[in-house]
Engineer: 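Structure incoming, see below.
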Amino acid sequence: MTENEPIRTVSDGITFLSTGRYYDGINQWVAHKLKDEDNDAIDYAARQIAKLLPHDAVLVPIPGHHGRAIETLQLAKAISSYTHLPFVDVLRCRERESQYEAKKRGQTLSAEYMGFYKQKNLPTNRTPYIIDNVVDTGTTAKAAIKALGGGIVISFAMSDYLLQREESRGLKR
């Protein structure tokens, strides 16, 4: 795999797409800047993600630990400006500690604890694409997909954790 080659993997029946690996090139730096709501990083990430989206997608920003989408909503809006795809802010979750902070303490938050729920319906003629900055374990994205009732996860970057786990599962089969 070369630097910034798009990634596609399936975990627990859910498709994950990403523009590249978290630790390749400038991806880690861009990912941190996305959390800081840096306009240049948002624009860069949006242009990269836009290349991977089909014409029938609807963009659904994933809520953060605040309970609603903030940084990912800005990213979805920027992607929409390049693709002209609709975005809908339909997911909410329990206000909580971030998964990132929990992992720093050696723990992960369960899907149940995050408490994702859909607050309104999606367009019926489009495939939902959950927008996330970075996918690590996939737990948060899987919880969001479950609450949404289906869809595909697309992120700017993906850590090696989910990819290695799926590779090791494939070897054990």
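What you see below is based on every heavy atom in this structure, not just the backbone, and it leaves out hydrogens, waters and symmetry mates.
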Engineer: Take a 6.0 Å sphere around NZ of K118 and say whether it holds more than 12 heavy atoms from other residues, nucleotides or ligands.
Structural biologist: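 Correct, the count exceeds 12.
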Engineer: Could you pull out the closest heavy-atom pair between A69 and P61, with the gap in Å?
Structural biologist: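 A69 and P61 have their closest heavy atoms at CB-CB, 3.7 Å.
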Engineer: Determine the minimum heavy-atom distance between A76 and L59, stating which atoms define it.
Structural biologist: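 Looking at all heavy atoms of both residues, the shortest contact is O-CD1, 3.5 Å.
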Engineer: When you group the ILVMFWY residues by side-chain heavy-atom contacts below 4.5 Å and let the links chain together, are V90 and V153 in the same group?
Structural biologist: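 Yes, it is one cluster - the side chains of V153 and V90 are joined through contacts under 4.5 Å.
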Engineer: Any pair with a residue in residues 126-150 that passes salt bridge (charged side-chain N to carboxylate O under 4.0 Å, His left out), sequence neighbours left out, goes on the list, sorted by first then second residue, please.
Structural biologist: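 As it turns out, the salt bridge (charged side-chain N to carboxylate O under 4.0 Å, His left out) pairs with a partner in residues 126-150, which skip direct neighbours, are D12-K142, K103-D136.
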Engineer: Under 3.5 Å, is there a donor-acceptor pair linking the side chains of Y82 and D43?
Structural biologist: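 Judged by distance alone, the side chains do pair up.
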Engineer: How long is the span from the CG atom in L34 to the CG atom in N133, to the nearest 0.5 Å?
Structural biologist: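 If we round to the nearest 0.5 Å, L34:CG and N133:CG are 4.5 Å apart.
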Engineer: Do L91 and I70 sit in the same hydrophobic cluster, where Ile, Leu, Val, Met, Phe, Trp and Tyr count as joined when their side-chain heavy atoms come under 4.5 Å apart?
Structural biologist: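 Hydrophobic grouping puts L91 apart from I70.
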Engineer: Do the numbers put R92 on top of the ring of F116, so that NZ or CZ is under 6.0 Å from the six-membered ring centre and no more than 45° off the axis?
Structural biologist: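 Not flagged: R92 not positioned over aromatic ring of F116.
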Engineer: Taking S155 for its side chain and S18 for its backbone only, find out whether a donor-acceptor pair lies under 3.5 Å.
Structural biologist: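 The answer is no, because no donor-acceptor pair under 3.5 Å joins these two groups.
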Engineer: Can you measure from OG1 (T9) to CE (M158) and round to the nearest 0.5 angstrom?
Structural biologist: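 One finds 6.5 Å between OG1 of T9 and CE of M158.
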Engineer: Output the distance between atom OG1 (T83) and atom CD1 (I49), rounded to the nearest 0.5 Å.
Structural biologist: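 Result: 10.5 Å between the selected atoms.
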Engineer: Heavy atoms only: give me the nearest A141-I62 pair and the separation to one decimal.
Structural biologist: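 That would be CA-CD1, 3.9 Å.
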Engineer: Once rounded to the nearest 0.5 Å, what's the spacing between atom NZ of K35 and atom OG1 of T72?
Structural biologist: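 Answer rounded to 0.5 Å: 8.5 Å.
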Engineer: Minimum heavy-atom separation for E71 and E37, please, with both atom names.
Structural biologist: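 The answer is CG-CG, 3.7 Å.
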Engineer: Would you check, one step at a time, whether the test side-chain contact (heavy atoms from CB on, under 4.5 Å) holds for I131 with I154?
Structural biologist: CA-CA 5 Å; I131 306 296; I154 191 161; 3.5 Å; yes
Engineer: Any side-chain heavy atom of V60 within less than 4.5 Å of one from Y129?
Structural biologist: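 Sidechains of Y129 and V60: no contact.
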Engineer: Is there a side-chain contact between R21 and D160, using heavy atoms and a 4.5 Å cut-off?
Structural biologist: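 Yes, side chains in contact.
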Engineer: Are F16 and Y22 co-members of a hydrophobic cluster defined by side-chain heavy atoms under 4.5 Å apart?
Structural biologist: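 Cluster IDs for Y22 and F16 differ.
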Engineer: Is there side-chain contact between V58 and V88, with heavy atoms separated by less than 4.5 Å?
Structural biologist: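 V58 reaches V88 side chain to side chain.
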Engineer: Quick one: pull up CZ in R105 and CD in E101 and give me the separation to the nearest 0.5 Å.
Structural biologist: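 Here the interatomic distance stands at 8.5 Å.
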Engineer: Would you say I145 and V134 are hydrophobically clustered, going by side-chain heavy atoms of ILVMFWY under 4.5 Å?
Structural biologist: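 No, no single cluster joins them.
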Engineer: State plainly whether one hydrophobic cluster holds both I7 and L162, where clusters connect Ile, Leu, Val, Met, Phe, Trp and Tyr through side-chain heavy atoms under 4.5 angstrom apart.
Structural biologist: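 Looking at the clustering, L162 is in the same group as I7.
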Engineer: Might you point out which heavy atoms bring G64 and C93 nearest each other, and give the distance in Å?
Structural biologist: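 Looking at all heavy atoms of both residues, the closest pair is O-SG, 3.4 Å.
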Engineer: Should R94 and M114 count as side-chain neighbours, where that means a heavy-atom distance under 4.5 Å?
Structural biologist: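 Side chain of R94 against side chain of M114, heavy atoms only: no contact under 4.5 Å found.
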Engineer: Could you state the interatomic distance from NE2 (H55) to CG (L85), rounded to the nearest 0.5 Å?
Structural biologist: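 So the gap between those two atoms works out to 8.5 Å.
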Engineer: Evaluate the criterion salt bridge (charged side-chain N to carboxylate O under 4.0 Å, His left out) for residue pair D40 and K33; output intermediate values, then yes/no.
Structural biologist: CA-CA 9 Å; D40 291 333; K33 288 297 194 179; over 6 Å; no
Engineer: A side-chain contact here means heavy atoms from C-beta on lying under 4.5 Å apart; do T19 and P6 qualify?
Structural biologist: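 Not touching, per the 4.5 Å side-chain cut-off.
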Engineer: Classify the angle between the aromatic ring planes of Y44 and F156 as parallel (below 30°), tilted (30 to 60°) or perpendicular (above 60°).
Structural biologist: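 Correct class here is perpendicular.
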